[in-house]
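Order of the sequence lines sets the chain letters (A, B, ...), proteins ahead of strands, with each chain counted from 1.
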Amino acid sequence: MMASAKQAVRRDSYQPQVIERKWQKIWEETQIYRVVEDPSRPKWYHLTMYPYPSGDLHIGHWYAMAPSDAAARFKRMLGYNVLFPMGFDAFGLPAENAAITRGIHPYRWTMDNIERMRKQLRSMGAMFDWSREIITCLPEYYRWNQWFFLQFYKNGLAYKAKAPVWWCPRCQTVLANEQVINGRCERCGTEVYRRDLEQWFFRITKYAEELLKFDGIEWPERVITMQRNWIGRSEGARVRFETESGGAIEVFTTRPDTLWGATFLVLAPEHPLVEVLTTPEQRPEIEAYVAQARRESEIERTATDREKTGVFTGGYARNPVNGERIPVWIADYVLMGYGTGAIMAVPAHDQRDFEFARTFGLPIRVVIQPEGQTLDPATMSEAYAGDGHMVNSGPFDGTPTAGGEAIRRVTAWLEEQGLGKGEVTYRLRDWLISRQRYWGTPIPIIYCDRCGTVPVPEDQLPVLLPEDAEFAPTGVSPLKTDEDFVNTTCPTCGGPARRETDTMDTFVDSSWYQYRYLSPHYDKGPFDPKAVAYWAPVDQYTGGIEHATMHLMYARFFTKALRDLGLLNFDEPFLRLFNQGIILGEDNEKMSKSRGNVIDPDDLVAELGADVVRLYLMFIAPWEQGGPWSSRGIAGVDRFVRRVWAIVTETADMPADGPESDAARRLRKLTHRTIKTVTADISGFQFNTMIARLMEFVNELSALRDSDVVRTASWQEATRTLTLLLAPLAPHLAEELWERLGGPYSVHQQSWPSFDPELAAAETFELVVQVNGRVRDRLEVPVDITEQQAIDLALASPRAQEHLQGRTIRRTVYVPGRLVNIVTG
RNA sequence: GCGGAAAUGGCGGAACGGUAGACGCUGCGGUCUUAAAAACCGCUGGGGGUCACCCCGUGCGGGUUCGAAUCCCGCUUUCCGCACCA
């Protein structure tokens, strides 16, 4: 007897390995996640950032994708036609490194990784529509990068210019920022420097102003702020300073009202006029300084806390507003990439200029006096950047600076005098897309001695990456040395010509992939306009905060550029954005192989099943926050799942022939209250509190497990509802339970349960009685209690009375549904 | 450095300006068992106590408010991004 009962229990215990495999197979056979355009239903496009195929799916991928899947499934149960695609961001540096260090071709390495990761992704049980998979390193994808490049080129959005790159003189190759370790080449340890190279740019700055507008999109405020700061709009004026050695230095200043206080100019070390202005006696020092600056990163150069360095060129310029002769210096904190690469230094009113002037003994002149005090350059300890009135400024003496008044008047005057003009500049720079690498999209340009720069005609796309590339251990791009690739004929004159050997930044691929998913195999253009009309733009985008500025800015730029080319008819690619946090190791540190704190999702799936992993990831913390992994924590979720399994399977075949007792009615109310709160939670991606509510619900069911309530309609409603509420979170578990409850296939084609507001409403609440803001009593009262009744009850409370002894009541504060606060004198 | 964010028990976290610590973990005690595991039940911020009670408590220092974890000002620490990693 005992033995067979135990066996029966064991045979019917929760076996995720069995049910997960079973349902994944059935879902695939019945293609329930395949989606097509359906104008009869509202669409919902949920996009989660596609992974780089680095090798194995790690827990971070799960953390991005599993809750996204739950959100997408929830929308589907609400009746939306939901598109939830997946693909691979397949070009990039690691594949090329594997080729160099291990002799594996980047294509092989990448495709093998994709094969493995695809399997791992399937184990998650997500509703990805695999028929729409995209892989960016395949010609059917990257030819459209080339096509976009050509459209941009034709429309002045792609251009070539010199820009600095990290150069290793030993390897004779360009290095990425991450390949430069403490100023040295990661491969050979040689000290590296920045060298100018002709490279391709996309003119994102044309859209700087529009990119500052976030109308119609619901993005986290912090991302919007970061993008605003990244674009860095400044209003000011451009002013010309004539030099004595010929040529003029143009500076941009946000404070034209301080022009009379400009006592020297500072050029970026890379500024073209440095060469002209430098006097013979200053030359050795200047050249040494320029060489030094080329070894420093921008972060180092612009650090405001380090000691100011710089060198006098020996040259002078004229301050256009007062004719004063002022020296021209160079300093590394001035960057060629911002403004004009030259600044006028006003040490009295700019902190960096002040420190520079103090370091080198340059004059400081006060031209803005704050009201009620007098600044003296000799005794000032820092620059004064506040308001006041102009002094030592010729015709403008006495002009108040408050409200930008002085800036407006001086700018107008500069324009009148022909000395300068009002201007807006941006910190945002044009997007440098050239990479001196093999594993990327070839830039479709041909150089002909006779015809110059010639774009590859559209009908000759794609320009294919040569397969038989040689990967030198130095890292020199194999395209450069591939004669068959480089040598071609000019499309215009038919003469001998050379191909561009630079490839594109992988951010080009990810700037429009959201549209390729809509018609992944369309070959008449980058996307089928009909599919775009139905699905685009993305309704919900989810991914890491690390993409706040670059990827998300580039994708916005692409959408606006494609709109202006007539390819799209909307302004923004992603209507809503959500950034998930990161999962740390059990030691609260970032997961890394060297720390040995990496959690492998494959192991967890094998041991506990995908549903438990999914649930735990959603339970661990608020999704936008993330947090440390805990083996103990996931064991708790495993217990929860087993309890759900036991309660539902044990009572699945129970007849609902019992009477609806008070306990059953209370359960019914709890069921509806749970639907209400859980729906609100999942709508806002509050998965952790959603699961906590479900745990409370299950704890209650557990308490009733051995009572008569299990034989009631209320119990059946409760277990069916629980299964439906779990469906987005734990899709396999829910499907299996649904089947055992006798529900029709598939639980994922059912509607999200709705609640009866009357049943979900509470009948009483706990009225808190405070005296002077401190809790003194709690009273169970009906929800429809009036203010007067609540106050009377509070005043009558013996516990409150104790604290009211000998005091005068000044006032009472009533918060409906919550509390009464009695305030005494 | 610049830009962005965060800080609550032993741990992860919960909390429309209104009961701080839901839910889970850990720990302690118990039920069941020859025993253990599992499962189930109870307790679990600190201090005091006359044990149906009081005081303290949300990184630190101020402020606003009848009332502050929550809002404001000033700090500290930690994390993320900084344009060729993706």
Side-chain angles (χ1 to χ4, degrees), chain A residues 49-52 54 89 91-94 97 163 165-166 174-180 199 220-223 225-226 228-230 232 297-306 333 337 427-437 505-507 509-510 544-551 553-554 579 581-582 584 588 590 616 619-622 624-637 639-640 642-643 646 686 688-689 691-696 699 702-703 705 766-775 777-778 799 802 810-813 815 817-824:
Chain A
M49 292 177 184
Y50 64 172
Y52 178 76
S54 52
D89 186 15
F91 272 138
L93 192 56
N97 285 340
V165 291
W166 285 118
V174 174
L175 299 177
N177 281 343
E178 77 158 12
Q179 295 174 304
V180 178
Q199 304 189 77
E221 205 49 50
R222 60 175 169 159
V223 176
T225 304
M226 280 191 256
R228 281 215 180 92
N229 291 336
W230 185 264
S297 73
E298 284 191 8
I299 293 174
E300 289 165 343
R301 284 175 57 164
T302 52
T304 52
D305 64 337
R306 68 178 201 163
Y333 72 90
R427 204 184 72 99
L428 180 71
R429 309 199 285 254
D430 276 336
W431 176 10
L432 197 170
I433 62 145
S434 282
R435 298 292 182 269
Q436 293 70 37
R437 306 253 173 71
D505 181 2
T506 54
F507 277 127
D509 312 48
S510 55
I545 185 69
E546 67 273 18
H547 293 295
T549 46
M550 302 178 67
H551 160 60
M553 188 87 76
Y554 296 145
N579 304 112
I582 50 169
L584 304 170
N588 225 323
K590 200 170 171 173
Y616 178 60
F619 182 63
I620 194 168
E624 69 267 32
Q625 183 185 306
W629 183 266
S630 158
S631 323
R632 302 274 196 188
I634 196 169
V637 171
R639 270 197 284 277
F640 165 68
R642 286 170 191 282
R643 194 182 302 184
Q686 299 294 319
N688 59 328
T689 52
I691 293 166
R693 295 304 150 239
L694 292 173
M695 284 173 169
E696 285 178 285
N699 288 346
S702 194
R705 202 168 157 183
E766 202 172 56
L767 178 73
V768 167
V769 181
Q770 296 183 336
V771 177
N772 294 324
R774 311 192 65 129
V775 179
D777 205 355
R778 297 154 216 254
R799 294 192 195 156
E802 265 176 57
R810 276 282 159 81
R811 57 183 285 206
T812 52
V813 179
V815 182
R818 293 209 179 264
L819 59 78
V820 172
N821 186 14
I822 305 163
V823 185
T824 68

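- Pairing of B:G1, defined by two Watson-Crick or G-U wobble distances under 3.5 Å, is identified with B:C82.
- Residue A:R435 has a polar side-chain atom (N or O) positioned under 4.0 Å from OP1 or OP2 of B:C84.
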Checklist outcome for this item: Per-nt protein contacts along nucleotides 67-73 of chain B (heavy atom under 4.0 Å; B base, S backbone sugar-phosphate only, - none) come out as -------

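- With a cut-off of 3.5 Å on both pairing distances, the Watson-Crick or G-U wobble partner of B:C43 is B:G27.
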Which atoms of nucleotides 53-58 of chain B (N or O only) lie under 3.5 Å from a protein N or O atom, and what are those distances?
residue	atom	partner	partner atom	Å
B:C53	OP1	A:R799	NH1	3.4
B:C54	OP1	A:H803	NE2	3.4
B:C55	OP1	A:R776	NH2	3.3
B:C55	OP2	A:R776	NH1	3.3
B:C56	OP2	A:R774	NH1	3.2
B:C56	OP2	A:R774	NH2	2.4

Taking only nitrogen or oxygen atoms into account, show me every contact under 3.5 Å that the protein makes with nucleotides 45-48 of chain B, one pair per line with its distance.
none

Next on the checklist: Go through it in stages, so that I can follow the logic: the residues are A:R643 and A:N699, the test is side chain to side chain donor-acceptor pair (under 3.5 Å), and I'd like the CA-CA distance, side-chain angles, deciding distance and then a yes or no.
Outcome noted: CA-CA 9 Å; A:R643 194 182 302 184; A:N699 288 346; 2.8 Å; yes

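- Minimum heavy-atom separation, A:N772 to A:N821: N-OD1, 3.3 Å.
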Tabulate protein N/O versus nucleotide N/O from nucleotides 2-13 of chain B, keeping only pairs under 3.5 Å, one per line.
residue	atom	partner	partner atom	Å
B:G3	O3'	A:N229	ND2	2.7
B:G3	O2'	A:N229	ND2	3.0
B:G12	O2'	A:I620	O	2.7
B:G13	OP1	A:Q625	NE2	2.6
B:G13	O5'	A:Q625	NE2	3.4
B:G13	O3'	A:N688	ND2	3.4

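- Regarding A:N699, its CG atom lies at a distance of 14 Å from the C1' atom of B:G42, rounded to whole Å.
- Ring orientation note: the planes of A:Y616 and A:W629 are nearly perpendicular, at an angle over 60° on the 30°/60° scale.
- Nearest-nucleotide positions on RNA chain B place A:T689 closer to the 5' end than the other of A:T689 and A:W166.
- A:E546 has its CD atom 14 Å from the P atom of B:C85, to the nearest Å.
- Under the salt bridge (charged side-chain N to carboxylate O under 4.0 Å, His left out) criterion, A:E624 pairs with no residue, sequence neighbours left out.
- Ring planes of A:Y554 and A:W431: parallel class, angle under 30° (limits at 30 and 60°).
- Across all strands shown, B:A20 has no partner, as no Watson-Crick or G-U wobble contact with both distances under 3.5 Å is found.
- Across all strands shown, B:U50 has no partner, as no Watson-Crick or G-U wobble contact with both distances under 3.5 Å is found.
- Within 3.5 Å, a donor on the side chain of A:Q436 pairs with an acceptor on the base of B:C84, or the reverse.
- OP1 or OP2 of B:C25 lies within a sub-4.0 Å distance of a side-chain N or O belonging to A:R639.
- Using N1 to N3 plus N6-O4 or O6-N4 for Watson-Crick, or N1-O2 and O6-N3 for G-U wobble, each under 3.5 Å, B:G59 pairs with B:C75.
- Between A:R799 and A:E802 there is no salt bridge, since none of the side-chain N atoms of the basic residue sits less than 4.0 Å from a carboxylate O of the acidic one.
- In this model, the phosphate group of B:C66 is approached by a side-chain N or O of A:R811 to a distance below 4.0 Å at OP1 or OP2.
- Every side chain to side chain contact (heavy atoms under 4.5 Å, CB included) that A:P51 has, sequence neighbours left out, goes to A:H61, A:M65, A:M86, A:F88, A:M117.
- If you take CG of A:L175 and P of B:C84, they are 14 Å apart, rounded to a whole angstrom.
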